[in-house]
2 protein chains.
Amino acid sequence: MVSEKTIARLSLYRRLLEELAAQDTDSLYSHQLAKMTGKTAAQVRRDIMSTGYSGTPQRGYDVRDLIASIDGFIDAPDGQAAALIGVGNLGRALLAYFTSRRPKLRIVASFDSDEQKVDRVIHGVRCHQMDDLLDVIEEHGVTVGIITVPASDAPKVADQLFKVGIRGILNFAPVPLKAPPHVYLENVDMTASLETVAYYAGKKPRGR
Amino acid sequence: MVSEKTIARLSLYRRLLEELAAQDTDSLYSHQLAKMTGKTAAQVRRDIMSTGYSGTPQRGYDVRDLIASIDGFIDAPDGQAAALIGVGNLGRALLAYFTSRRPKLRIVASFDSDEQKVDRVIHGVRCHQMDDLLDVIEEHGVTVGIITVPASDAPKVADQLFKVGIRGILNFAPVPLKAPPHVYLENVDMTASLETVAYYAGKKPRGR
DNA sequence: TAGATTGTTAATCGATTAACAATC
DNA sequence: TAGATTGTTAATCGATTAACAATC
């Protein structure tokens, strides 16, 4: 009903709106949000519309009300818990970044095969051994898994996550994973992103 | 002429093909590559076609020839150099990951505002102070910048990169940046990706 | 009110998929 | 050869953009 791109944009709008709210901005127009995000005003309006919130021609959108509407649309009512598998450089970066950022979506546990890391608290999150996956997932009600292990381990880790009933997976390993139909999976391919940028950097000013 | 999605897929194909080549696989069909990547066979064929390489109905595609064709299509003839700005957790993850992976696209320098990091070699790459940006960029012929600084610093860093004539930017800071027309810029929004996964994880099995 | 902005539909755009004659 | 696969065009699909009456 709503595309994943729309969700991603709403997530972005919310982040920017929260900054505006912190600076006591009360309301704004679609074209202002469009300018901040690089989208068109029409798209901003359509995205906002899909959350069920309405602005007025006179004031545009109320910042706090709009944030609340996006919250209600994106966040699961009772919140969601995520687990991160693979506490390497990238894993630590994500743990540090998401720590206490969004109460309705928290990374509550991490996992690593390195015994040196197990039972330590890294960036505020306890690291467990993979054998405890099911127990920890059930204890915390984890529904989302974040894969930050090397490519060679990723398919096995994904299978383990499927088995314990995870509902969504964000995969940072540079190998595309496939998920059963009841699991939503997104592959984030940073390698491909860098090569794409390099390609256009080499082609400019020809390319678009 | 060729979309950025096509470039990203070609980058992925190449990575998988290199693995196959290492395992002495000589040739493969479009549907095999399609299965590995989760794409359709028609799309694989079209992507390969755009590199100018042709297979044969009998053998499909020669693995090594196809790699060479993708190389010739994506890589700049004389290679390209990248610089990474912000040697935090994420920066180190990227440095470690891209080290000596692709001779035609190397991260040759890093930058950080933390004096403790300056002049140290981190994951094989020397860290410089931002004041030396222009000198280092020119010395190494850097055309691509990777931004891994906090959101608050990102716009300023981007401006500095524009000023020294960088051609492409990969931005990991969770704030959308805008580039002048002669610079290709890609925003990688990991926050939005996680929230998107969480959204569908909460909606499943309704959502697509 | 006057006029800029909204919600929303219709038109456009571009990418993906299906299809099939040509091929080895 | 026979037949599966290729290159490539046409059809489909979905998302973005343009447009405008309704609105405050």
Side-chain angles (χ1 to χ4, degrees), chain A residues 1-13 17 20 25-63 65-66 69-70 73 176 178 186-187 189 192 196 199-200 207-208, chain B residues 1-13 17 20 25-63 65-66 69-70 73 176 178 186-187 189 192 196 199-200 207-208:
Chain A
M1 189 189 61
V2 170
S3 80
E4 53 199 272
K5 290 193 176 183
T6 302
I7 303 297
R9 283 193 301 265
L10 286 170
S11 156
L12 171 60
Y13 301 157
L17 288 165
L20 292 174
T25 303
D26 286 333
S27 65
L28 90 173
Y29 298 118
S30 60
H31 61 84
Q32 293 177 293
L33 201 46
K35 183 154 194 196
M36 283 190 272
T37 56
K39 317 296 177 189
T40 66
Q43 183 158 70
V44 168
R45 293 206 296 277
R46 218 176 29 117
D47 290 340
I48 289 174
M49 209 187 69
S50 67
T51 71
Y53 180 67
S54 285
T56 66
Q58 282 175 323
R59 295 189 68 240
Y61 302 97
D62 182 276
V63 171
D65 287 354
L66 178 50
S69 181
I70 296 175
F73 188 75
K178 266 147 285 172
E186 181 167 332
N187 295 300
D189 192 337
T196 303
Y199 174 81
Y200 286 103
R208 69 131 170 166
Chain B
M1 190 189 58
V2 170
S3 80
E4 54 200 271
K5 289 193 176 183
T6 302
I7 303 297
R9 284 194 301 265
L10 286 170
S11 155
L12 171 60
Y13 300 157
L17 288 165
L20 291 174
T25 302
D26 287 331
S27 65
L28 90 173
Y29 297 118
S30 59
H31 62 83
Q32 294 176 292
L33 201 46
K35 182 155 195 194
M36 283 189 273
T37 56
K39 317 296 176 189
T40 64
Q43 184 156 69
V44 168
R45 292 205 297 276
R46 219 176 29 118
D47 291 339
I48 289 174
M49 210 186 70
S50 67
T51 70
Y53 180 67
S54 286
T56 65
Q58 282 174 324
R59 295 187 70 238
Y61 303 96
D62 181 276
V63 171
D65 287 354
L66 179 50
S69 182
I70 296 175
F73 187 76
K178 266 147 288 173
E186 181 167 332
N187 295 301
D189 192 337
T196 303
Y199 174 81
Y200 286 103
R208 71 127 165 168

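Atom set for the values below is all heavy atoms of this structure, side chains included, hydrogens, waters and symmetry mates excluded. Each chain gets a letter, A, B and so on, in the order the sequences are listed, and its residues count up from 1.
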B/F73 and A/Y199 have their tightest heavy-atom pair at O-CE1, 3.5 Å

CZ of B/R46 to OG1 of B/T40, rounded to nearest 0.5 Å, is 8.0 Å

Should we say atom NZ of A/K35 is surrounded by more than 12 heavy atoms from elsewhere, each under 6.0 Å from it?
no

To the nearest angstrom, the NZ-C1' distance between B/K5 and C/dC13 comes to 14 Å

Value for OH (A/Y61) from CZ (A/R45), rounded to nearest 0.5 Å, stands at 6.5 Å

Shortest non-hydrogen pair, B/V2 vs B/S50, comes out as CG2-CB, 4.4 Å

Practice prompt. Spell out, as yes or no, whether a donor-acceptor pair under 3.5 Å connects the side chain of A/T37 to the backbone of A/L33.
Written response: yes

Give a yes/no answer on whether the side chain of B/S3 brings an N or O atom under 4.0 Å of OP1 or OP2 in C/dG14.
no

query: Within the pair A/R45 and D/dA19, is there a side-chain N or O less than 4.0 Å away from OP1 or OP2?
result: no

OG1 of B/T196 to CD of A/E186, rounded to nearest 0.5 Å, is 6.0 Å

Distances under 3.5 Å only, N/O to N/O: pair up the protein atoms with those of nucleotides 22-24 of chain C.
unit_1 : atom_1 : unit_2 : atom_2 : d
C/dC24 : O3'    : B/Q58  : OE1    : 3.0

A/H31 NE2 to C/dT6 C1', in whole Å, measures 11 Å

Smallest heavy-atom separation, A/R59 atom then A/T56 atom, equals N-OG1, 3.1 Å

Whole-Å distance, B/Q43 CD to D/dT8 P, equals 17 Å

Per atom distances to the A/Y61 side chain, the nearest of D/dT16, D/dT6, C/dG7 is C/dG7

From the list B/D62, B/I48, B/T51, B/L10, side-chain contact (heavy atoms from CB on, under 4.5 Å) partner of B/S69 resolves to B/T51

Whether A/S54 contacts C/dG7 is assessed here as follows: a side-chain N or O lying under 4.0 Å from the phosphate OP1 or OP2. Is that the case?
yes

- Is any side-chain nitrogen or oxygen of B/S30 closer than 4.0 Å to OP1 or OP2 of D/dT5? no

Listed range with range, the stems formed with DNA chain D by at least 3 consecutive Watson-Crick or G-U pairs (under 3.5 Å) are C:3-24 with D:3-24

Is the phosphate of C/dG7 approached by A/R46 (side-chain N or O, under 4.0 Å from OP1 or OP2)?
no

Rounded to whole Å, CD of A/E4 lies from P of D/dT16 at a distance of 11 Å

Atom CE of B/M49 and atom P of D/dT6 are separated, to the nearest Å, by 13 Å

To the nearest angstrom, the CG-C1' distance between A/L33 and C/dT5 comes to 14 Å

Of A/A42 and B/Y53, the one whose closest nucleotide on DNA chain D sits nearer the 5' end is B/Y53

In whole angstroms, the gap separating P of D/dT5 from NZ of B/K35 amounts to 13 Å

Closest heavy-atom pair, B/A192 versus A/S11, reported as atoms and distance to 0.1 Å, is CA-OG, 3.4 Å

Rounded to whole Å, CG of B/L28 lies from C1' of D/dA4 at a distance of 15 Å

